[in-house]
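Below is one structure, written out as structure tokens; comments come after it.
The structure presented is a predicted model; accordingly, all values stated were derived computationally and were not measured.
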Amino acid sequence: NLVANAKIIDESQLNTDVVRMMNKVKVQNLANKMVMEFTIVGETEADFAHGKLAATTPTAKALIGHAKDEVVEAHVPSGVLKFKILDISI
């Protein structure tokens with residue numbers, strides 16, 4: 001039940017020093033130089049077409065806990081993708 005498992009998030013506790021749930025993240029794929037922007041969300045809210053990336057995905061797991069200008073490696077089924085974190089916002 002989605003409502004029974006919902007958690008209230010105190011927006012004052014959200015910050016942008018490192019990537020966390022509910023942050024909007026702008027990254028650059030270092031292989032093809034493509035810039036992407038998405039929000040890290042819970043699995044039930046995920047909608048990649050609308051820029052909502054589930055925290056359980058390999059890309060989100062690689063980004064969480066890292067800061068702006070860091071390069072992270074996401075181990076995905078097709079191999080390893082390297083992303084540079086360009087910006088973190090709320």
Can you see which heavy atom on Ile88 is nearest to which on Lys68, and at what distance?
-> CD1-N, 3.7 Å

Would you call Ser89 and Lys24 a side-chain contact if the rule is heavy atoms closer than 4.5 Å?
-> yes

Indicate the atoms forming the closest heavy-atom contact of Met21 with Val41, along with that distance.
-> CE-C, 3.6 Å

Nearest heavy-atom contact between Val19 and Val25 is CG1-CG2, 3.6 Å

Reported CG-to-CG distance for the pair Leu63 and Asn23, which is rounded to 0.5 angstrom = 10.5 Å

Closest heavy-atom contact between Ala60 and Ile40?
-> CB-CD1, 3.8 Å

With the side chain counted from C-beta on, respond yes when Gln28 and Lys33 share a heavy-atom pair under 4.5 Å apart, and no when they do not.
-> yes

Among Val27, Asn29, Leu30, find the one that has a side-chain contact (heavy atoms from CB on, under 4.5 Å) with Lys84.
-> Leu30

In Å and rounded to the nearest 0.5 Å, what is the OG1 to CZ distance from Thr57 to Phe48?
-> 8.5 Å

From the list Lys61, Lys82, His66, side-chain contact (heavy atoms from CB on, under 4.5 Å) partner of Val72 resolves to His66

Of the non-hydrogen atoms in Asp17 and Ala67, which two are nearest, and what is the gap between them?
-> O-CB, 3.4 Å

Output yes when a side-chain donor or acceptor of Glu43 lies under 3.5 Å from a complementary backbone atom of Ala54, and no otherwise.
-> no

Between Glu45 and Lys52, is there a salt bridge with N-O shorter than 4.0 Å?
-> no

